[in-house]
Amino acid sequence: MAQTPDNSRVFLAAGDDGLFVVDADATAPRHVDGIGRAMGVEMGADGRTVWVGLPRDRQIAAVDTTTLTVRARYDVGSDLCPGDVAQTGPYVAFSFSCILYNDESTPLPSGVGVLDTRTGVVLRAPGDPWKAIVAASSAVPGRVFVTQYLMHEVTLDLLDLSSGSLQLTHYRKLGMADPTDLAVSPDGSLVAVSGAEHATVATFATSDLSPSTSYQAPCPTRAVAWSADSSRLAASCNLPDTKVLLYDRGNSDPVTTARLELGPRRAPDYRDLVLDSDAGRAIVASRAEEEGPMHYVDRVGLRPAAATVTGPATATCTRTASFTAKLLLGGVPAPAGTPLSIYREQPYNSTLLGTFPTDSTGTVIFTDAPPSSGAWSYRAHFAGNQNYTWTDGAYSLQVDKLPTSLSVTYQTGKTRRHTNYGSVVVTLGPTVGHRLVTVTATTGAGTVPVTSASVPTDGPLVVSYPITGPTTFTATYDGNIWQQAANAMTTASP
C-alpha cells in the first residue's frame, strides 16, 4: 500500500483485482484502469508516481497519481514475475517469483532484481532468496534492503548499486522468525523489520545493519511504516490482536494504541500500512479470504482522546443515580453528536446501557439504577474514528444495599393458669428479593425456634406462641445482595 505525500490518495495492490485507489473522503475504492494483477506498490520519491509490480505482465508500471493513468511500463524479463517493489534514486528494486506472485508451477527463478529506469536494464542480486521483501529510500540512494517473508532462518541483507552492479555488502542474522515487513525511514538512517512470530519491531542502521532500538509490542507484528519526518514508527498487529501501535523514535514502548474493528477473520494484510505525514492517522488494508477475497481499507485515528466519568459519592442499589461522562478529542471537548457508549460493569459482567451523542461541551449525562450492591464501574467508551484513537474512562462506585425495616412485637391474649396465649407479630418493610425471617424465643431455660417463614407483603406475619414467664423474641432477616440484614427484639411477660 502507498499514500501520496498530501495524504489525499491511497493505492492498494490487490492481486487479481488489480490496483485500487481510495481518495481521502471516499467510502469505497475504485480501480486504476490498465493494471492487471498487481502484487506490489510503492510511492515514488517525486510524490507523483506509483510503482507497481505486475507479475502476469512481467513488468513494472509507473502510474501517475493525479491522472491515474499508466505513464510507463518496463519489461523485466520473460522469466521474472515481479511482486514487491521499492525505489531508490533512478532504480526500482523488486522481488520476483512466478510461483509465488503469479500462481505458476513452472520452476522459474526467484530472487531480487533492480530495474534502471533510465536504461531499462535489469540487474539480478546474487543468490536466490525465496519470498523476498525489499525496501529502499531515496535518502540512501543505491542501497536496497532485503529479507525473506515468513521464513524461519533469515538475514537482513544490504545490496549496493554504487559500483554499477548489485553487490551484497552487509548482512545480519536477524535472530527472529517469520519477517513480514521492511520499512526504511525517510531520512535514510534506519530500516525497521516486523515479525509474525515476534512481539517486537527491530531497527537497524542503514549504514552497516548494526542494531538500533527494538520496539516492544503486545502482539505479533504485521506491517510497519514511518512518519514523513522519521520521528515516529507505526506497526500493525496480526490476528487475533488487531491493533495499530505508534512509537516515538527511540522509545521502545508505544505511545498510542489504536484498536482495529475489523470483524471476523479479517487481518491486516502484508505490507499494507501507511501513516499520514503528521502520524495522526494510520491507514490499514485488510482481507477476509472466505469472502472471495474481499479487500478493505480502514482509516484509524492515532490522535489522543480521553474520556472521564463522574458520579455520586454514594448510591443505593435499585435507586436511580445520575452520572456525567465527558470526552476530549485532542485536548478539547468532542463535537456535539459524537457517539459515546456507556457500560455498567463488574468482573465478568458488562452491560451496555446505551450509546449516546455528546452535547456541545462533549458531555453525556445519563442515569442508572445499580441492580445490586457491591463495587460497580461505569465506563465511557469512545470507539475511535479516522482522526482519534479509542479511549475508555471509568468511575468506580460502591453501591449500598437497601435499608431494611423490621420490627417484632408480642400481642397478648387470654391468660389461663399463668400462661398467656398470645401471638408474635413480625412486620417487614418493602424488600427486593426474599422476605424470609427467623423468630426465636429466649427464656431462662434457653432459646428455642418459634418460626421460619416469609412475611406477607400486605400485612404482618402472625404466629401464635404461649408464654409462661418473661420471654425475649428475636426476629432476624438475613438480607441479600439488595437488602441489608436486620434484627429486631421485644420482651413480653404473661
Side-chain angles (χ1 to χ4, degrees), residues 1-5 8-23 29-104 106 108-125 131-138 141-142 144 146 159 161 164-166 269-272 274 285 295:
M1 189 161 64
Q3 183 171 224
T4 55
S8 63
R9 281 181 167 169
V10 172
F11 294 85
L12 172 65
D16 284 335
D17 292 324
L19 182 65
F20 284 122
V21 59
V22 183
D23 293 327
R30 54 194 173 115
H31 284 96
V32 175
D33 293 336
I35 296 293
R37 186 171 202 190
M39 296 302 299
V41 61
E42 168 89 348
M43 182 58 58
D46 61 5
R48 301 187 302 274
T49 305
V50 166
W51 298 99
V52 188
L54 306 176
R56 187 163 294 155
D57 300 326
R58 272 60 167 181
Q59 291 178 334
I60 292 174
V63 176
D64 190 295
T65 61
T66 302
T67 64
L68 303 181
T69 57
V70 178
R71 182 184 297 152
R73 290 177 180 269
Y74 301 86
D75 294 321
V76 296
S78 60
D79 61 342
L80 303 186
C81 300
D84 210 16
V85 291
Q87 183 191 9
T88 173
Y91 301 101
V92 177
F94 61 94
S95 61
F96 57 85
S97 171
C98 288
I99 295 176
L100 177 63
Y101 296 127
N102 207 32
D103 298 332
E104 296 183 11
T106 305
L108 296 174
S110 61
V112 174
V114 174
L115 165 70
D116 187 332
T117 60
R118 299 166 299 184
T119 64
V121 173
V122 173
L123 303 174
R124 297 192 191 186
K131 295 186 178 181
I133 309 173
V134 296
S137 170
S138 293
V144 179
V146 181
L159 304 177
L161 288 158
S165 62
L166 198 53
D269 209 354
Y270 162 58
R271 304 211 72 183
D272 283 342
V274 293
H295 301 272

Within-4.5 Å side-chain heavy-atom neighbours: [X] and [Y]:
X: L12; Y: V41; result: no
X: T117; Y: W51; result: yes
X: V76; Y: F96; result: no
X: M43; Y: F11; result: yes
X: I35; Y: V70; result: yes
X: V21; Y: V63; result: no

### Task
Return the set of residues passing side chain to side chain donor-acceptor pair (under 3.5 Å) with S110 (not counting sequence neighbours), or none when no residue passes.
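Side chain to side chain donor-acceptor pair (under 3.5 Å) check on S110 returns nothing, list empty.
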
### Query
Of all residues at least two apart in sequence or in a different chain, which pass the side chain to side chain donor-acceptor pair (under 3.5 Å) check with Y74?
none

Between [X] and [Y], is there a donor-acceptor pair closer than 3.5 Å when you use the side chain of the first and the backbone of the second?
X: R71; Y: T65; value: no
X: D84; Y: V134; value: yes
X: Q87; Y: E42; value: no

To the nearest 0.5 Å, tell me how far [X] [atom1] sits from [Y] [atom2].
X: D116; Y: L123; atom1: CG; atom2: CG; answer: 7.5 Å
X: Q59; Y: L115; atom1: CD; atom2: CG; answer: 11.0 Å
X: I133; Y: S95; atom1: CD1; atom2: OG; answer: 8.5 Å
X: R30; Y: F20; atom1: CZ; atom2: CZ; answer: 12.5 Å
X: R37; Y: D17; atom1: CZ; atom2: CG; answer: 10.0 Å

To check you understand the geometry: which heavy-atom pair defines the closest contact between [X] and [Y], and what is its length?
X: A136; Y: A86; answer: N-CB, 3.7 Å
X: P141; Y: S138; answer: CD-O, 3.4 Å
X: A125; Y: L159; answer: CB-CD1, 3.6 Å
X: R58; Y: G77; answer: CG-O, 3.1 Å
X: A61; Y: L54; answer: CB-CD1, 3.7 Å
X: A38; Y: G18; answer: CB-O, 3.7 Å

### Distance under 6.0 Å and angle within 45° of ring axis: R56 vs Y101
no

#### Entry: Pairs satisfying disulfide (SG to SG under 2.5 Å), at least one member in residues 46-87, at least two apart
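Qualifying pairs: C81-C98.
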
### Task
Might you work through the side-chain contact (heavy atoms from CB on, under 4.5 Å) test for L80 and F94, ending with a clear yes or no?
CA-CA 10 Å; L80 303 186; F94 61 94; 4.2 Å; yes

### Task
Just do the side-chain contact (heavy atoms from CB on, under 4.5 Å) check on L161 and L166 with the steps written out, would you?
CA-CA 5 Å; L161 288 158; L166 198 53; 3.3 Å; yes

### Message
Around atom CG of D16, are there more than 12 heavy atoms from other residues, nucleotides or ligands closer than 6.0 Å?
### Response
yes

